[in-house]
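Before any comments, here is the structure.
Since this is a predicted model, take the numbers as computed values, not measurements.
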Amino acid sequence: MIGLDTNILLRWLLDDSIVADDAPAQTELVSRTILESGETFFVNDIVLAETIWVLRNKVGQSRKVVEEIVNRLLCSVNVETANPAVIRRALDAFVKGKADFADYLIAELNAEAGCSTTLTFDGKASRHPSFSRLGK
């Protein structure tokens, strides 16, 4: 198994219809490596959170498009994640909620670790039942 960094994952996920390719040789190399190598590739939680942040905040993708991208990634036969069930729960909360994906991923990872709640000052995140807002 080979781990992927955020910049590699983004090159694989994005095409010219979404964002202009400033390094087509790198994009081609990434595509060829992932599609033709026969390897399994690992996307950790941090890389996924960074990727979704870029898709939302730098590329301007909607929650629905992000949901489709993450679902495709989770269904890829040559991609593994450490916590697919956690990612799916976080993705579901993200699509329905107002907070960032990383917030929901944090809450789901904490719940998986046995936490009864996740303390936050974030007003958007605190609307989800996995969070408890500290102060007002």
Side-chain angles (χ1 to χ4, degrees):
M1 187 167 359
I2 298 172
L4 297 180
D5 190 14
T6 306
N7 54 30
I8 300 294
L9 184 58
L10 282 165
R11 290 256 181 244
W12 185 44
L13 294 175
L14 296 175
D15 63 34
D16 278 335
S17 67
I18 296 173
V19 65
D21 193 347
D22 62 347
Q26 286 183 352
T27 301
E28 173 61 29
L29 180 59
V30 167
S31 291
R32 194 170 55 250
T33 300
I34 291 175
L35 297 174
E36 298 174 5
S37 71
E39 295 285 345
T40 298
F41 297 92
F42 182 73
V43 176
N44 71 46
D45 296 333
I46 296 168
V47 167
L48 184 60
E50 286 182 342
T51 297
I52 292 173
W53 187 90
V54 170
L55 290 172
R56 291 281 293 147
N57 296 294
K58 297 296 182 185
V59 182
Q61 295 301 304
S62 69
R63 288 174 186 266
K64 190 68 178 162
V65 169
V66 168
E67 177 186 32
E68 291 169 9
I69 289 170
V70 173
N71 279 327
R72 277 194 340 248
L73 190 64
L74 290 172
C75 291
S76 296
V77 295
N78 63 337
V79 175
E80 288 190 23
T81 61
N83 304 294
V86 168
I87 291 168
R88 287 192 188 282
R89 289 192 304 270
L91 184 62
D92 185 53
F94 168 74
V95 169
K96 294 174 183 171
K98 300 287 185 195
D100 292 330
F101 174 79
D103 296 319
Y104 297 118
L105 183 59
I106 289 165
E108 291 299 335
L109 288 168
N110 289 350
E112 189 80 5
C115 299
S116 61
T117 192
T118 296
L119 294 178
T120 187
F121 287 117
D122 186 321
K124 290 179 181 177
S126 68
R127 294 181 191 146
H128 190 270
S130 296
F131 287 94
S132 296
R133 189 167 185 178
L134 192 58
K136 295 288 177 199

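Of all heavy-atom pairs between Phe131 and Asp103, the closest is CZ-O, 3.0 Å.
Linking ILVMFWY side-chain heavy atoms closer than 4.5 Å, directly or via other members, places Ile106 and Val54 in two distinct hydrophobic clusters. In the hydrophobic cluster analysis, where Ile, Leu, Val, Met, Phe, Trp and Tyr join through side-chain heavy atoms closer than 4.5 angstrom, Ile69 is grouped together with Val59. Each of Ile46 and Val66 belongs to its own hydrophobic cluster when Ile, Leu, Val, Met, Phe, Trp and Tyr are linked at side-chain heavy-atom distances under 4.5 angstrom. Taking hydrophobic clusters as Ile, Leu, Val, Met, Phe, Trp and Tyr residues chained together by side-chain heavy-atom distances below 4.5 Å, Leu119 does not share a cluster with Leu105. By the criterion of side-chain heavy atoms lying less than 4.5 angstrom apart, applied directly or through intervening Ile, Leu, Val, Met, Phe, Trp or Tyr residues, Val43 is grouped together with Leu35 in one hydrophobic cluster.
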- Item | side-chain contact (heavy atoms from CB on, under 4.5 Å) between Leu9 and Leu73, intermediate numbers included | CA-CA 10 Å; Leu9 184 58; Leu73 190 64; 3.9 Å; yes
- Starting from the C-alpha separation in whole Å, work towards a yes-or-no answer on side-chain contact (heavy atoms from CB on, under 4.5 Å) for Gln26 and Ile8. CA-CA 9 Å; Gln26 286 183 352; Ile8 300 294; over 6 Å; no
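Not counting sequence neighbours, Ser126 has no partner by the side chain to side chain donor-acceptor pair (under 3.5 Å) test. Ser132 pairs by the side chain to side chain donor-acceptor pair (under 3.5 Å) definition with Thr117, not counting sequence neighbours. Among residues two or more places apart in sequence or in another chain, the side chain to side chain donor-acceptor pair (under 3.5 Å) test is passed with Ser130 by His128. For Glu67, the salt bridge (charged side-chain N to carboxylate O under 4.0 Å, His left out) partners two or more places apart in sequence, or in a different chain, are Lys64. Taking Asn83 as the reference, Asp45 meet the side chain to side chain donor-acceptor pair (under 3.5 Å) condition, with sequence neighbours excluded. With sequence neighbours excluded, the residues that form a salt bridge (charged side-chain N to carboxylate O under 4.0 Å, His left out) with Glu112 are Arg89.
Note on residues 51-61: no pairs pass salt bridge (Lys or Arg N to Asp or Glu O under 4.0 Å), not counting sequence neighbours. Contacts classified as ring-ring contact (aromatic ring centres under 6.0 Å, His included) and involving residues 34-62 (residues at least two apart or in different chains) are not found.
Rounded to the nearest 0.5 Å, atoms CG (Asn57) and CD1 (Ile52) are 11.0 Å apart. For the atom pair CD (Glu50) and CG (Asn7), the distance works out to 9.0 Å, reported to the nearest 0.5 Å. In this structure, CZ in Arg11 is found 10.5 Å from OG in Ser31, a value given to the nearest 0.5 Å. For the atom pair CD (Glu80) and CG (Leu4), the distance works out to 11.5 Å, reported to the nearest 0.5 Å.
Taking 4.5 Å as the limit, every side-chain heavy atom of Leu48 sits out of range of all side-chain heavy atoms of Thr81. A heavy-atom distance below 4.5 Å is not found between the side chains of Glu39 and Ile34. Side chains of Leu10 and Leu55 form a contact here, defined as non-hydrogen atoms less than 4.5 Å apart.
Cluster partners of Phe121, by chain and number: Leu134. The rule joins Ile, Leu, Val, Met, Phe, Trp and Tyr whenever side-chain heavy atoms lie under 4.5 Å apart. Apart from Leu29 itself, the hydrophobic cluster it occupies contains nothing, where clustering links Ile, Leu, Val, Met, Phe, Trp and Tyr at side-chain heavy-atom distances under 4.5 Å. Cluster note: Val77 groups with no other residue, as no ILVMFWY side-chain heavy atom lies under 4.5 Å from it.
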Please list every donor-acceptor pair under 3.5 Å in which a side-chain atom of residues 90-101 meets a protein atom from a residue at least two apart or in another chain.
residue, atom, partner, partner atom, Å
Asp92, OD1, Lys96, NZ, 3.4
Asp92, OD2, Lys96, NZ, 3.1

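Between the Asn44 side chain and the Val47 main chain, a donor and an acceptor come within less than 3.5 Å of each other.
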